[in-house]
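A quick note: this is a predicted structure, and the numbers were derived from the prediction, not measured. Protein chains get the first letters and strands the later ones, always in sequence-line order, with residue 1 at the start of each.
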There are 2 protein chains.
Amino acid sequence: MSSESKSLLELLEASPISARFSDADRKALHSLPVSLRRYPPHTVVYNQGDPVRSVYIINSGWGCVYRDLPSGDRQIIDFPLRGDSVGLRMPAAFNYNTYASITEMSVFEISQYALNAIVLQSPYLSSGIMGLMARQRAFLIEHLTNLGRRNALVRTAHLLLEMGARTKSNGMGTEKGYSCPLTQYELADALGLTAIHVNRMLRELREQNLVAFRYGEVEFINRPALVRLANFDENYLAIGMFMGFATSQLD
Amino acid sequence: MSSESKSLLELLEASPISARFSDADRKALHSLPVSLRRYPPHTVVYNQGDPVRSVYIINSGWGCVYRDLPSGDRQIIDFPLRGDSVGLRMPAAFNYNTYASITEMSVFEISQYALNAIVLQSPYLSSGIMGLMARQRAFLIEHLTNLGRRNALVRTAHLLLEMGARTKSNGMGTEKGYSCPLTQYELADALGLTAIHVNRMLRELREQNLVAFRYGEVEFINRPALVRLANFDENYLAIGMFMGFATSQLD
DNA sequence: CGTTGCCTTGATTCTCTTCAACAGGGGTGG
DNA sequence: CCACCCCTGTTGAAGAGAATCAAGGCAACG
């Protein structure tokens with residue numbers, strides 16, 4: 001895979017988060033107990049029903065957050081990538097979804113307890129955390145819209161474009177394409193479709209010379225036409241960076 | 001309608017938020033410039049594309065947050081009720097969805113600018129804000145799962161149950177039912193269905209003696225059976241109250 | 001008293017699922 | 001080394017579920 005950071009600070013200052021810290025914030029961050037964890041492919045990080053203990057900032061690799069349903073289906077909520085956060089929610093609660101790796105994955109893990117402390121210390125950091133939450137929220141809303149009001153072809157196109165924009169913004173991909181380790185089953189679980197139908201939609205997109213997803217590579221063939229088909233708007237992804245509540249006082 | 005608060009403080013201390021403030025927090029809240037606004041039915045509060053200016057805490061009435069699509073369809077993201085928040089995201093950005101009233105609606109409006117200030121002043125309040133964001137996030141995830149992996153009947157049942165749990169938790173409804181001013185068109189836009197099909201699903205639910213939604217009233221006839229049909233789990237709604245990051249230090 | 005908004009129902013169409021079968025690659029064990 | 005299996009991808013045919021098209025109902029409102 002592409003870039004990977006050695007420290008949380010380095011990751012937060014890199015794209016897409018691009019935080020700019022004061023010395024005080026840096027100091028606070030240094031005192032924060034963080035562990036860099038590695039997970040092999042297809043390993044559960046936390047499970048639906050587990051108590052909430054930690055927050056994760058993804059450093060490298062692909063994973064997915066999903067909800068298992070009693071019917072045996074699952075709904076994939078998101079594929080968090082480098083620079084995304086997982087698990088920012090209330091403590092003293094239980095997880096109502098599962099987070100698992102897809103490829104080998106490295107993440108920075110911060111305990112809820114330590115996070116509480118830093119929220120008390122640095123308003124800039126807490127507003128940064130809100131920024132991360134807002135970013136995840138924007139992904140969710142787009143995903144929701146995708147499932148509710150777009151047909152299978154457009155929906156598939158849209159997801160490929162979204163992951164393209166996200167991989168580009170964190171250095172994992174380019175305008176032309178990106179490496180994507182997802183199976184058609186995983187795509188289907190995210191898109192609310194069957195893998196069989198996803199397969200047909202991918203073929204359709206390929207045959208229309210819009211985008212090819214084969215052998216773990218997404219290749220944009222005719223990006224403008226694909227963007228038009230999917231009515232894709234990159235702007236929603238730009239929001240929610242680290243320039244949080246606190247800094248906007250400068251306006 | 002049922003309860004309504006005269007001040008933001010009163011609203012925050014009431015169910016479902018149930019905040020407990022220190023004197024310092026109360027003071028900070030008192031200095032916060034808040035305006036109580038009323039909107040007539042079917043009025044836009046902010047529009048897709050407008051710059052972000054304010055955050056809203058709903059006091060009474062029904063509204064909806066939605067995204068308009070170029071196709072002319074729209075996807076309703078959420079129906080925020082008393083005690084819910086709208087617009088908590090990054091400043092210096094644009095809204096990528098619209099917030100409009102459905103019934104007459106009263107909301108507390110706080111400028112982003114003022115909110116920044118309070119985040120700097122009170123860590124407890126900022127963690128409370130994170131709590132509100134986490135709560136909205138839980139709604140989104142459930143809604144997403146609903147659209148992705150449940151059929152029309154179950155999906156409809158689930159939404160009626162969710163709004164039932166939410167109205168109950170903020171005093172607008174009871175175990176037996178609640179007043180619901182939504183049209184079948186609005187339900188359809190939330191559920192990713194056509195109004196015609198929603199109509200059929202409501203009839204089905206009524207004929208199976210599970211729940212009746214008629215004349216603006218949702219009446220749970222056989223709640224246990226309905227909960228079973230929809231695989232409804234109220235717990236996800238319980239998370240994300242005001243007992244935020246900061247307080248959990250007491251653990 | 002006609003219009004408008006919301007609800008209701010039937011008939012038809014089409015999107016997506018389900019069921020079924022097969023092909024290629026990678027690993028494993030006999 | 002090969003037989004076997006599992007996982008992923010691929011394709012076809014049948015069937016279900018929801019959309020679309022069409023029409024009529026009732027109540028509120030000017």
Side-chain angles (χ1 to χ4, degrees), chain A residues 40-42 62 64 69 71-76 100 102-103 146-160 179-207 211-219 229, chain B residues 40-42 62 64 69 71-76 100-103 146-160 179-208 211-219 229:
Chain A
H42 298 287
W62 287 65
C64 62
L69 300 183
S71 59
D73 304 320
R74 66 171 181 170
Q75 175 63 48
I76 292 183
I102 290 174
T103 64
N146 221 10
L147 294 184
R149 281 287 176 240
R150 295 201 255 253
N151 65 24
L153 187 72
V154 173
R155 215 186 288 179
T156 308
H158 199 280
L159 184 63
L160 294 178
S179 294
C180 177
L182 303 179
T183 66
Q184 294 179 357
Y185 287 87
E186 285 158 341
L187 280 182
D189 284 343
L191 292 169
L193 300 168
T194 57
I196 293 165
H197 205 59
V198 167
N199 181 291
R200 294 194 232 268
M201 295 303 103
L202 290 175
R203 171 152 55 98
E204 177 90 22
L205 291 170
R206 217 184 307 124
E207 286 173 353
V211 57
F213 176 26
R214 302 191 100 162
Y215 319 117
E217 294 292 325
V218 173
E219 185 193 345
L229 172 75
Chain B
H42 298 291
W62 287 65
C64 63
L69 299 183
S71 59
D73 302 321
R74 65 171 183 172
Q75 174 64 47
I76 292 182
S101 65
I102 290 175
T103 64
N146 220 9
L147 293 185
R149 281 286 175 243
R150 297 201 254 253
N151 65 26
L153 187 73
V154 174
R155 215 186 288 176
T156 308
H158 200 281
L159 183 63
L160 294 179
S179 295
C180 178
L182 303 179
T183 66
Q184 293 179 358
Y185 289 86
E186 285 158 343
L187 280 181
D189 284 342
L191 292 168
L193 300 167
T194 58
I196 294 165
H197 204 60
V198 167
N199 181 288
R200 292 195 233 270
M201 295 303 103
L202 290 175
R203 170 153 54 100
E204 177 91 25
L205 290 170
R206 216 182 310 125
E207 286 174 354
Q208 287 189 24
V211 58
F213 175 26
R214 303 191 100 165
Y215 320 115
E217 293 292 326
V218 173
E219 184 193 345
L229 170 75

Measure from the side-chain heavy atoms of [X] and tell me the nearest of [options].
X      : options               : answer
A:A152 : D:dT11, C:dC16, D:dG9 : C:dC16
B:Q184 : C:dC7, D:dT20, D:dA13 : C:dC7
A:Y185 : D:dT11, D:dT8, C:dT9  : D:dT8
A:T183 : D:dA22, C:dT17, D:dG9 : D:dG9

How many whole angstroms separate atom [atom1] of [X] from atom [atom2] of [N]?
X      : N      : atom1 : atom2 : answer
B:H197 : D:dA19 : NE2   : P     : 6 Å
B:R203 : C:dT8  : CZ    : C1'   : 8 Å
A:L202 : D:dG9  : CG    : P     : 9 Å
A:L153 : C:dC14 : CG    : C1'   : 15 Å
A:L193 : C:dC14 : CG    : P     : 20 Å
B:I196 : C:dC7  : CD1   : C1'   : 11 Å
B:E186 : C:dC6  : CD    : P     : 7 Å
A:R200 : D:dA14 : CZ    : P     : 13 Å

**OP:** Write down the atom of B:P40, the atom of B:S101, and the distance for their closest heavy-atom approach.
**Re:** O-OG, 2.6 Å
Original post:
Closest approach of A:A190 and A:L147, non-hydrogen atoms and distance?
Top reply: O-CD2, 3.8 Å
Original post:
Could one point to a donor on the side chain of A:R206 or the base of D:dT10 with an acceptor on the other under 3.5 Å away?
Top reply: no
Original post:
Side-chain donor or acceptor of A:R155 under 3.5 Å from a matching atom on the base of C:dT15?
Top reply: no
Original post:
Below 4.0 angstrom from OP1 or OP2 of D:dG9, is there any side-chain N or O of A:N199?
Top reply: no
Side-chain donor or acceptor of [X] paired with backbone N/O of [Y] under 3.5 Å:
X      : Y      : result
B:R149 : A:R74  : yes
B:E217 : B:C180 : no
A:Q75  : A:D189 : yes

Subject >> Pair A:R150 + B:D73, salt bridge at N-O below 4.0 Å >> reply: no
Subject >> DNA chain D base-pair string [pairs: Watson-Crick or G-U under 3.5 Å; |: paired with another strand] >> reply: ||||||||||||||||||||||||||||||
Regarding [X], tell me which of base, sugar-phosphate or nothing describes its non-hydrogen contacts under 4.0 Å with the strands shown.
X      : value
B:T194 : base
A:R214 : sugar-phosphate
A:G216 : nothing

**OP:** From the options A:Q184, A:E207, A:R214, select the one residue that forms a side chain to side chain contact (heavy atoms under 4.5 Å, CB included) with A:L202.
**Re:** A:Q184
Original post:
Would A:R200 and A:H197 satisfy side-chain contact (heavy atoms from CB on, under 4.5 Å), going step by step from the backbone distance to the final call?
Top reply: CA-CA 5 Å; A:R200 294 194 232 268; A:H197 205 59; 4.2 Å; yes
